[in-house]
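Only a predicted model underlies this, so the values are computations on that prediction, with no experimental measurement involved. Every heavy atom of this structure was used, including side-chain atoms; hydrogens, water molecules and symmetry mates were not. All chains are named by letter (A, B, ...) in the order of the sequence lines, taking the proteins before the strands, and each is independently numbered beginning at 1.
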Amino acid sequence: MKLPSAYNPGDYEADIYASWEKSGVFQADPGSPKKHFSISMPPPNETGTLHLGSALFLVLQDILARHNRQTGYDVLWLPGTDHAALATNALVEKQLAEQGIDRHQLGREAFIEKVKQFSSQNRGRMLEQMRAMGAGPDWSRLRYTMDDALNRCVNEVFVKMYDDGLIYRGSRIVNWDPQLKTTVSDDEVVHKEEQGTFYTLQYGPFQIGTARPETKFGDKYVVMHPEDERYKQYRHGDTFEAEWINGPVKATVIKDEAVDPAFGTGVMTITPWHDHTDFEIAERHGLEKEQIIGFDGRLLPIAGEFAGQKIAEARPKIVEKLQAKGLLVKTDEHYTHNLALNDRGKGLIEPQIKLQWFVDVNRPAVQWKGQLRSLREVMHAVIEDGDIKIVPKRFEKIYFHWIDNLRDWCISRQIWWGHRIPVWYKDEEIYAGVRPPEGQGWTQDPDTLDTWFSSALWTWSTLVKPELAADFSLSLEDLLRLSPDFQTYHPTSVMETGWDILFFWVARMILATTYATGQVPFKTVYLHGLVRTEDGKKMSKSNPEAIIDPLEVISQYGTDALRLALVSGVSAGNDMRVGLSKIIDNRNFCNKLWNIARYIEGAAGDADGQTPEPKTPADHWILDKLSILTGAQRRNLDNFKFSEAYQDLYHFVWDDLADWYIEAAKAEPNAGLLKYVLGGSLILAHPFAPFITETLWQQLGYAKAGLLAAQPLPAVLQADKAEVAKFEDIKQIVSLARRWSKAIGSDTLVYHDSELLDQAAPLVKRLGRVGKFDKTTEAAGLRLPIEGYEIFISANKDKGRAYLEKIGGEKAGTESLINNLKVRLNNENYINSAPPELVQESREQLEAQYQKLKLLDEETRMVSDWVSR
RNA sequence: GGGAUUGUAGCUCAGUUGGCUAGAGCGCCUCGUUUACACCGAGGAUGUCGGGGGUUCGAGUCCCUCCAAUCCCACCA
């Protein structure tokens with residue numbers, strides 16, 4: 001089998017992937033005597049296609065999985081997809097709307113059918129894309145957040161929390177999206193700055209400010225800071241009559257510290273139904289709350305003549321009326337304020353009071369380490385106690401800050417797609433249960449759960465054995481106890497995900513998993529950054545030409561080039577830039593690897609290369625390098641230093657193996673060793689570039705030992721230091737020979753008595769590209785500045801002058817270094833305070849530099865004598 | 001308003017608990033079609049490590065301060 005001269009990934013990738021999948025190498029084995037390593041794949045939303053960000057997490061996790069398999073673990077990387085309730089629901093509604101259909105016309109069941117069709121189409125495509133990226137999770141354990149077993153777990157946790165009083169139903173202010181007609185959680189609200197108008201209105205004796213006059217109809221409380229001197233004649237609870245938009249109202253004075261005396265007039269009226277702060281003030285003082293805006297975003301009858309109008313159209317009319325009544329004091333057109341938008345769909349959020357389901361984060365109802373604590377306290381403790389480590393560490397601070405500001409989590413959504421709330425009503429009765437209640441007349445709550453409620457269980461709900469979950473005689477504890485996967489793989493070893501879902505997901509997994517299982521969901525969280533465009537912008541749909549489609553890149557440059565581009569320069573918690581040039585650079589690396597293999601195929605194709613038998617100094621040297629790389633790779637990847645691991649590999653392959661060892665091996669071939677070193681290199685490169693390495697492994701006949709994907713790391717060998725040092729000397733001599741022959745334009749060299757050079761002269765001649773390199777007893781030409789060897793390059797007087805010039809530069813460098821070292825060693829404080837080894841090292845360096853300078857001096861003197869003669 | 005991150009060669013970034021003359025890749029310049037590779041090889045140039053101050057025998061690394069950029073959280077009617 002002869003390899004073609006360039007690697008064409010498309011010819012191999014699909015077959016290679018199929019061979020992995022067929023072999024079962026990705027499959028975890030809970031019964032294995034090996035140690036276990038587990039990662040839950042963050043399930044991508046079943047809403048579309050995978051993008052470069054998905055490619056990043058797939059690659060990093062795949063590297064972890066393959067690497068840990070190589071180091072001797074039984075690895076479970078569990079794949080799955082997320083039903084993405086709100087996003088999917090919205091997409092399907094939109095598709096229906098384009099056909100002029102409303103989901104209510106369709107009915108709940110038919111709508112859900114539609115969503116399921118849509119999702120399963122996307123799912124199939126996404127799973128194929130994961131394969132295209134080379135990801136090798138355990139497909140036999142593929143999970144979906146809407147699987148029956150996972151649904152069971154959702155219900156179990158809901159009911160358990162309900163019974164413990166951690167889930168309650170209450171009328172509280174929520175973020176309502178009138179467009180999608182559902183609530184969203186605090187974390188799903190994003191703010192966008194906008195220029196607006198700020199109105200100052202006359203309200204009885206007070207002037208109040210507002211940016212939203214349309215909410216003011218029902219206002220009957222004026223609030224001011226208790227310490228505000230300007231209003232000290234008014235007392236809390238005082239009442240007064242005021243002429244207002246639609247006639248006179250009776251108003252009450254409220255004193256509350258939430259008011260900032262420095263803002264506007266220091267007085268405001270409140271609208272508790274439509275503002276979070278106002279709601280809290282009203283709660284504190286037991287004030288009445290009234291709805292002004294309907295859930296459809298239109299004004300209610302309280303608005304009088306404006307009832308039924310949308311806010312945008314009503315606002316100017318209301319202002320007009322206020323002005324006509326002389327209640328408008330002034331307007332400020334240059335007022336910047338923040339609009340609250342739904343992160344999904346970007347609809348304007350209208351706070352509303354609604355009867356919703358909440359998770360109470362403050363109730364001490366969780367047993368954790370022998371103490372009854374609140375969810376919030378447990379979330380804090382697991383990080384504080386080091387049960388979970390976050391990489392990079394700085395995110396711990398961000399996480400704590402989030403927890404400190406955490407409010408109860410609104411978990412009910414008014415959409416149809418998702419896990420339906422397992423609560424039934426009959427008259428005044430409420431029943432919460434994993435299964436529907438017995439008897440007639442029960443109606444299930446129409447709402448579904450926040451997507452993140454089910455994703456919060458992901459690390460363990462996916463490990464519950466589905467057959468057991470179908471048996472309702474078992475309790476949640478039984479399910480966990482009897483599921484081998486849960487017993488073996490939980491807590492999972494690593495959670496690898498983006499920092500952007502630290503709150504949405506990571507924190508909620510901690511919340512739900514500690515509560516439901518008594519275990520942390522994972523021991524380490526590694527957070528990667530966002531993938532940005534080459535000029536540092538976000539890849540967004542509004543800027544399509546900057547978007548890199550992974551599949552397109554794969555078909556053009558190969559999966560491995562994309563994977564390497566994503567790994568190179570990646571670091572924990574930091575965003576990274578990826579452009580086409582980076583992908584091309586890494587394609588070149590793949591090609592280099594390919595051509596190394598091509599050479600070795602020709603030079604050592606038949607050698608078996610099972611055991612290394614080093615003969616020459618170069619052989620010892622490359623084995624030493626390979627061993628060093630093996631150790632470094634373990635250290636790097638065990639500490640999530642993906643980029644460093646790749647850099648080391650890159651330099652080993654390109655510099656050590658291709659540029660030095662193979663070139664050396666052309667003079668002194670050792671077929672078995674070439675084959676061995678290539679095999680080791682393929683193993684080490686495999687986690688990063690699985691396709692090309694596996695292709696070469698099979699094409700070059702290594703496959704007798706099985707698939708590359710199943711190989712352990714190469715053995716770390718004890719180097720023969722003396723032989724290694726010999727090759728280091730040879731390298732140095734070769735570099736000097738190249739440099740000097742180029743600098744002075746002469747390629748004839750000789751050397752004096754040297755055992756090593758007697759042996760290595762042909763090698764030096766070849767690598768240094770010198771025309772002649774013979775042994776002699778006379779000083780013949782200019783001496784190269786290297787200690788321990790006397791090597792001369794022949795030259796005429798002109799060339800001697802060039803030599804002097806160049807050696808002058810070398811001397812200057814040496815002198816400045818000597819000077820630095822002298823200053824350091826003359827400093828008593830340095831001698832006394834620095835570690836003795838370091839001082840000793842400095843002394844040795846100084847000595848070596850003196851030797852070198854002496855050599856350069858002698859040489860300079862001799863050459864200048866000769867040149868000037 | 002609170003907090004985080006980043007600032008090192010033209011560009012993208014490494015630089016471990018402070019310790020050799022600050023590195024890599026790309027780009028640039030010179031040379032080279034040596035039977036694996038021009039998606040290549042050899043050689044070369046390029047840095048007041050954002051500014052200032054401090055601690056130290058020694059600072060790209062630690063502390064203070066300022067400047068610039070990015071982001072997160074909160075939110076004021």
Side-chain angles (χ1 to χ4, degrees), chain A residues 3 5-7 187 191 198-199 208-212 215-216 219 223 258-260 262-271 275-278 281 337-338 340 392 394-395 397-398 401-402 404-405 499-500 502-503 529-530 534-536 557 561 568-571 573-579 581-582 584-603 639 641 643-644 647 650-651 654 658-659 662-663 666 735 738-739 741-743 766-769 813-814 816-817 820-821 823-835 837-839 841-842 845 849:
Chain A
L3 293 171
S5 76
Y7 171 54
D187 291 298
H191 296 276
F198 188 71
Y199 306 93
I208 57 146
T210 185
R212 303 201 57 193
T215 63
K216 298 279 132 191
D219 287 8
V223 191
V259 177
D260 176 6
F263 184 85
T265 57
V267 187
M268 64 179 191
T269 60
I270 57 168
T271 313
D275 184 282
H276 283 91
T277 312
D278 294 0
I281 293 172
H337 64 137
N338 280 323
R394 67 186 148 89
F395 279 95
K397 214 170 167 179
I398 297 171
H401 183 255
W402 179 81
D404 291 342
N405 292 298
W499 57 256
D500 52 325
L502 178 64
F503 306 144
L530 259 51
E534 206 152 23
D535 51 0
Y557 301 103
S568 124
V570 74
S571 65
N574 293 326
D575 295 350
M576 66 184 306
R577 300 174 182 207
V578 177
S581 66
K582 201 170 177 187
I584 291 170
D585 294 344
N586 287 289
R587 185 272 317 261
N588 294 354
F589 176 72
C590 293
N591 195 56
K592 189 74 189 176
L593 205 53
W594 184 261
N595 275 290
I596 288 169
R598 218 154 74 87
Y599 174 77
I600 291 177
E601 182 189 36
N639 290 297
K641 306 247 177 220
S643 184
E644 287 85 339
Q647 287 309 315
Y650 182 98
H651 288 295
W654 207 305
D659 290 346
I662 288 187
E663 291 308 321
K666 284 176 182 173
S735 292
R738 281 173 186 164
R739 225 172 50 227
S741 61
K742 186 156 184 162
R766 176 175 186 127
L767 295 183
R769 280 175 211 130
T814 310
S816 103
L817 185 54
N820 287 347
L821 288 165
V823 168
R824 189 177 307 164
L825 286 165
N826 285 338
N827 184 332
E828 257 179 65
N829 285 323
Y830 175 71
I831 306 289
N832 295 333
S833 334
E837 316 85 75
L838 197 70
V839 176
E841 203 184 306
S842 300
Q845 275 168 17
Q849 291 305 318

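A:R738 places a side-chain N or O within 3.5 Å of a backbone atom of A:L767 that can act as its donor or acceptor partner.
B:G27 and B:U70 are spaced 29 Å apart, taking the P atom of each and rounding to whole Å. Rounded to whole Å, the P atom of B:U17 lies 13 Å from the corresponding atom of B:U61.
A:K582 and A:R577 make their closest contact through NZ-O, 3.4 Å (heavy atoms, listed as atom of the first residue, atom of the second, distance).
Between the CZ atom of A:R394 and the P atom of B:A4 there is a distance of 11 Å, rounded to whole Å. Taking atom CD1 of A:I584 as the reference point, atom P of B:C11 lies 20 Å away to the nearest angstrom. A straight line from CG of A:N829 to C1' of B:U56 spans 10 Å, rounded to a whole angstrom.
A cation-pi geometry, defined here as NZ or CZ lying under 6.0 Å from the six-membered ring centre and within 45° of its normal, does not hold between A:K592 and A:Y650.
We find the OG1-CG distance between A:T215 and A:D275 to be 8.0 Å, quoted to the nearest 0.5 Å.
When distances run from any side-chain atom of A:R587 to the nucleotides B:C39, B:C37, B:A24, the shortest one goes to B:C39. Comparing B:G41, B:A36, B:C57 by their closest approach to the side chain of A:R769 singles out B:G41.
Nearest-nucleotide positions on RNA chain B for A:N588 and A:E534 put A:E534 closer to the 5' end.
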